[in-house]
Structure formats: structure tokens, C-alpha cells
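A quick write-up on the structure given underneath.
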Amino acid sequence: MSEQEVQDWIRKQIAESDVVVFMKGTKKVPQCGFSGQVAQIMDYLGVDYQDINVLDDMSVRDGIKKFTNWPTIPQVYVKGEFVGGCDIVREMFQAGELSQLLTEKGISHNKTNMTA
Amino acid sequence: MSNTNNMSQNSVEEQIRRKLMVNLHPIRLDIVNDSERHAGHRSSPGTGNSHFQILIVSPVFEGKSRVDRHRLVNDVLKDELAGTIHALGLKAYAPDEPHS
């Protein structure tokens, strides 16, 4: 794929699924601690999400960094909008803001968070 | 670990510190180099300068979203993130927000 084709492909992915996680490894077998944390949070919240393994394709790994203008993986998109990487998603989850965002966007999940 | 390694380790950390100090004027800046903990794991470059955790408290973050705060830091550390730094844990707070 050309660089432009990669950008178009990424745009298509985040348009087609409500929640997309660009990660190292898969949701079942994450290959990086940060990606694994995001997968755990998504699983805990019971969110149906599309995982995209950037290790499968170097052009996607570079392309998503350019697309978002964000230097690190994982990257989480909700309804086509960039939410953040591991630190931000974890902070939002702990503060209950991630659940709130999903609710606002009409995405079904377990309405719970870690603060108990 | 050799002395050479220790020196370069210090210099990368110092470089990060200097850039953040100059550009973001933090009132608190904690930098932890935890590269050792990741040495030898898959895809770890093993340079001793690959994994950092940063806690930064600065007035420049006031009224900014989490994503915007991270973008500010990422921009300052653009060169390091494209090269030396393999993983960066980041907590960015405004002075009036609880931070630990």
C-alpha cells in the first residue's frame, strides 16, 4: 500500500467500527504491556472493539502515528475520534470518564469502573 | 553495566529533563528511567535509555485536555520519541490538580 492508501485504509477502519484499538499484538495476545493494559480495560468494560495489530504491517505502524500525529502505540479511537494512548485511557477508566464517554456515544458496555 | 552506559543513561535522562524544563516550565518533574526492568524483553532495544516514566506538573496544562497535554510533551520530546525512547509513561497535571 502507498502511504496515501494506508491513510485511507486507517480512515476506513475507524469509520467502520465504533471502537478501534491500534495495538502491538492482538486483543487475545498482546505483545506489549501498554497494549495489554488497554485490552484489559476494554475487556473489563465489555466493549466490543476492533483490534488492529500494527506489528502485522510496518506501513500501518508508521501510518497510524502520522494519521493521529501521535508517536506511540496503542491508540484508541471511539466513533472516529482519537481518545488517547494507554496512560490517557487508563486515567479515564479510573476516573469513570471512559464509561461516561462510551455512554455518551451510545456504545454498549458494562457501566462500571475500578474506583470502588 | 559499564560506566559508559551509565553516563549515556544519565545524559538521555538529563536531556529529557532539560527540554521539559525549558519548554514547559514545570513546578514538579519526576523522571524515572525503568529501562532495566524491560531489558531483554521482546523488542526492547537494551540501551538502558528506552523506557521512561514521567510525572510533570505545570501551569501550561491548565484548561487543556489529556490529549493536548500529551501532545505538548510529545512535541518537546519529538526527537527522543523518534529514536531513543521506546516507551514513555506520562502523567501530566496542572498545579491545582491532585497528583502523586
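Below, chain A is the first sequence line, B the second, and so on; all start at residue 1.
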Does atom [atom1] of [X] have more than 12 heavy-atom neighbours from other groups under 6.0 Å away?
{"X": "A:M1", "atom1": "CE", "result": "yes"}
{"X": "B:E62", "atom1": "CD", "result": "yes"}
{"X": "A:D8", "atom1": "CG", "result": "yes"}

Identify the heavy atoms of [X] and [Y] that sit nearest to each other, and give their distance.
{"X": "A:W70", "Y": "B:V67", "answer": "CZ3-O, 3.7 Å"}
{"X": "A:N69", "Y": "B:R71", "answer": "O-NH1, 2.6 Å"}
{"X": "B:L81", "Y": "A:P71", "answer": "CD1-CG, 3.6 Å"}

Same cluster or not: are B:V32 and B:L90 linked, directly or through other Ile, Leu, Val, Met, Phe, Trp or Tyr residues, by side-chain heavy atoms under 4.5 angstrom apart? no
Interchain contact, B:L88 with chain A, by part (heavy-atom threshold 4.5 Å): backbone
At what distance, to the nearest 0.5 angstrom, does CD1 of A:I88 lie from NE2 of B:H70? 4.0 Å
Rounded to the nearest 0.5 Å, what separation is found between the CG atom of B:N74 and the OG1 atom of A:T72? 6.0 Å
With A:E91 as reference, evaluate B:R69, B:K91, B:R66 under the salt bridge (Lys or Arg N to Asp or Glu O under 4.0 Å) test and give the passing residue. B:R66
